[in-house]
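From a predicted model like this one, the values you see are computed outputs, not experimental measurements. Below, chains carry the letters A, B, ... as their sequence lines are ordered, and counting in each starts from 1.
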Amino acid sequence: MLGSLLELASSITGGISDSVSELSRLVATLPDEIAGKVDRIPADLNEYGYDPWGYSPKAMKRFIIPSAYLYRYYFRCRTTGLENLPQGRMLLIGNHAGQMAFDGAMITAACVLEANPPRLVRGMGEYWLGTLPYMSVLLDRTGSVVGTRQTCVDMLRHGECVMAFPEGVRGMNKVYADAYKLMEFGLGFMRLALETDTPIVPVSVVGSEEQNPGLADLKGVGHLLGMPSFPVTLTFPWLGPLGMLPLPVRYHIEFGKPMRFEGHAEDEDDSIQAKVDQVKAAISAQLARGRAARKSIFF
Amino acid sequence: MRKLLITGIAGGQGRLVAKMAMRARPGSEPWQVVGVDRQKWPSAPDGVVVHQFDMRKRRFEDVFRHERPEAVVHLAFVRHFRADLATRHEVNVEGTKHLLEHCAEYGVRQLVVLSSSYVYGALPTNERYMTEEHPLNASRNFPEMRDLCEVEGLVSAFLWRYPEIATCVIRPVSTLGHSVHSAIGSYMRMAMVPTIMGFNPMMQFIHEEDVAEAMMVALDRKVRGIFNVAGPGAVPLKRALKEMGRQRISIPDPFAHLLIRTLFNLNIYQFPSGAIDFIKYPCTVRDERFRAATGFKPRHSLAEAFATMAISPH
């Protein structure tokens, strides 16, 4: 009796220590895996190892490590549809949620870790990010930029993969009662796609809405602090900076089939809006699919 | 022989242009070179006539009257901040205004003006790789740059008013070279170069000989218009300083403004606080228009441009 209990106990602890050592082996090999993937990203580097927008594979190998850990072991992202990514230029258009832009970081990590070949995602940052110390450098070195129209056009013409969230802060800082409701989409991305003849890949992220549910958005306080918004969540600002940590929800990311549109970039708003609505509908459908497929917000 | 007048000929860039202009170039004859400068050029090559006086003097017009240059390269700008603002403004803006009047009156056929990509200003909202259509924002946070923006205004008005004169404005990126005495050149030559903590913008650099070459190409091709000249590429500021073998000191941003403004006001340190934005935010330009118009390509790599800054001539 005692013997069999001991046997059971040792098999459990052995199992745990096996999986712990397996996990630590995986964790330890991640930086090497990342380095291999980053080296395969096609990039137009100069003699000093920077691309024209400041992307540096060397810096990327370091800076993407936290994202990669979050991607694999914290949000345990389940990603589908990466085979849909076209070659050359594309616009990744996604839903934006969760107070902190982990969705952008996870989409970036997915495209580096799991796409074949790995792709560098060019985020279009808010203007104020460029004014923050370290953040502006981090943006540049990992391939993103402060998102101005002409920069976006240049990047697309250069064959880059540009990511944009047309909901902007409207989506990111919405309260939890509006979870998974897509906010109003800006029209700019569609005009850019038409101008540069770029396919649009709708990307849905399920999970981000639950990572840090917003109770309210104190825009006035945000304004005073020079931020576009000031979210109040279950944990922020009550726990200080710790309160910005997301819950370990599970992410489901789906890359949809590329959508191609015809028309002129200068068309009337109505005609652009109709095209934007198609993209929005595609993302909505993917979101519904993703939410139906998950067992709980943590799995 | 066609005559070329170079203002500010005794400066580093002026000497380079003069020497290049005296050589025959593919498809064009050598120029006979005449120069104006307040400084002496003791080792001027034979055949170069240097009129030594201040351009603000009336004798400036006499040069046009007697020499009758066919083309003018205008380099006589105060580009450092050692001079007081009034003098800087007088030389840069008033000097250019008189020059333009003389060009129109004495039958000049071609005019090349050396401006700077700094006229766009360094703003966090800047596009990466601005085209010539981008508004000139430098004076917004950098009043010391107002005069260069005014010069550009004068020259572009002149450009449209006198279509028969091939007027060309060149806006090169940060120019590096043995003879560069611009604000950025002096900044990068400091024993201990201050940078702003947490900021490291992409910067474009060009070798001084390539800037001179760009002006010569503009003359050869008789191009009209305003052109960015971008050089071989961009690297982060701190990497550039490392390549030049400079020691850096990182200063937190709010502190940097206070410190640099104080030192500037005390006349200890010749880097106005408005220039801080240029070491924080990107000010990069694209030069497709110039390449298309002239076929210009920089000959020197970034490494060669950095190498010119390795040994301080001061």
For the candidates B/Ala234, B/Gly233, B/Ala303, which exhibits the highest count of non-hydrogen atom pairs separated by less than 4.5 Å from chain A?
-> B/Ala303

Given that the side chain runs from C-beta out, which part of A/Arg141 has a heavy atom under 4.5 Å from chain B: side chain, backbone, both or neither?
-> side chain

Heavy-atom distance under 4.5 Å to chain B: side chain of A/Leu132, backbone, both or neither?
-> backbone

Max heavy-atom pair count under 4.5 Å with chain A, selected residue of B/His134, B/Arg286, B/Gln204 | B/Arg286

Under 4.5 Å from a heavy atom of chain A, the part of B/Arg239 involved | side chain

Does any heavy atom of chain A fall under 4.5 Å from the side chain of B/Glu243, the backbone, both, or neither of them?
-> side chain

For B/Val119 and B/Arg171, the nearest pair of non-hydrogen atoms, with its separation, is CG2-NE, 3.8 Å

B/Asp253 versus chain A, heavy atoms under 4.5 Å apart: side chain, backbone, both or neither?
-> neither

Return the option, out of A/Val146, A/Asp140, A/Asp51, with the maximum number of heavy-atom pairs under 4.5 Å with chain B.
-> A/Asp140

Kindly say whether B/Cys283 contributes a backbone atom to a donor-acceptor pair with the side chain of B/Asn126 at under 3.5 angstrom?
-> no

By a 4.5 Å heavy-atom criterion (distance strictly below it), what part of A/Tyr50 contacts chain B: side chain, backbone, both, or neither?
-> side chain

Charged N to carboxylate O under 4.0 angstrom, B/Asp287 versus B/Lys297?
-> no

Charged N to carboxylate O below 4.0 Å: is that the case for B/Arg289 and B/Glu133?
-> yes

Can you establish whether the number of heavy atoms outside A/Met135 located under 6.0 Å from its atom CE is more than 12?
-> no

A/Lys61 with A/Asp39: basic N within carboxylate O range, under 4.0 Å | yes

Under a 4.5 Å heavy-atom cutoff, which of A/Gly147, A/Pro52, A/Cys152 has the most pairs with chain B?
-> A/Pro52

Assert yes or no for the condition that the ring centre distance of A/Phe102 to A/Tyr74 is strictly below 6.0 Å.
-> no

